[in-house]
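I have placed the structure first, in the form of structure tokens, so that the comments after it can refer back to it.
Nothing here was measured: the structure is a model prediction, and the numbers come from that model.
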Amino acid sequence: MLSRLSHTVGGPDGGPGLPLINWSTRYGDLRIAHFLGMHSLQILPLAGFYIFKKSSGLIVFSSIYFLLVSAALINALNGLPLGHF
């Protein structure tokens, strides 16, 4: 986002967005992958402590979460909106 000086890919910053968080509904938005990636620092330890008692379950969950974040980033870099998986 810093090198581009914008968070939207494929269109101008601003415009229609999701209520409250204002993520773009027409173009790719890098803030989605940033949000998911930064909150993994909270989600993964909490999931490991409260949900998964074995490390193998947490590894599978972490791998799926990584694929979700990667898909969100690739979609944003291709200029596609959030629900366009």
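Among pairs with a residue in residues 35-47, those fulfilling side chain to side chain donor-acceptor pair (under 3.5 Å) read H39-Q42, at least two apart in sequence or across chains.
In the hydrophobic cluster analysis, where Ile, Leu, Val, Met, Phe, Trp and Tyr join through side-chain heavy atoms closer than 4.5 angstrom, V69 is grouped together with I21. Both L36 and F61 sit in one connected hydrophobic cluster of ILVMFWY residues. Membership requires side-chain heavy atoms under 4.5 Å apart, directly or through other members. I32 and I43 fall within the same hydrophobic cluster, where Ile, Leu, Val, Met, Phe, Trp and Tyr residues are linked whenever their side-chain heavy atoms come under 4.5 Å apart, directly or through other members.
Residues L77 and L30 are in side-chain contact: their nearest non-hydrogen atoms beyond the backbone lie under 4.5 Å apart.
In terms of heavy-atom proximity, S24 sits nearest to R31 at N-NH2, 4.2 Å.
Rounded to the nearest 0.5 angstrom, L67 CG and S62 OG are separated by 11.0 Å. To the nearest 0.5 Å, atoms CG (L18) and CH2 (W23) are separated by 7.5 Å. A distance of 11.0 Å separates CG in N75 from OG in S70, rounded to the nearest 0.5 Å. Here the CG-CD1 distance, from L44 to I51, works out to 10.5 Å after rounding to the nearest 0.5 Å.
Shown here is K54, whose NZ atom has no more than 12 heavy atoms of other residues, nucleotides or ligands within 6.0 Å.
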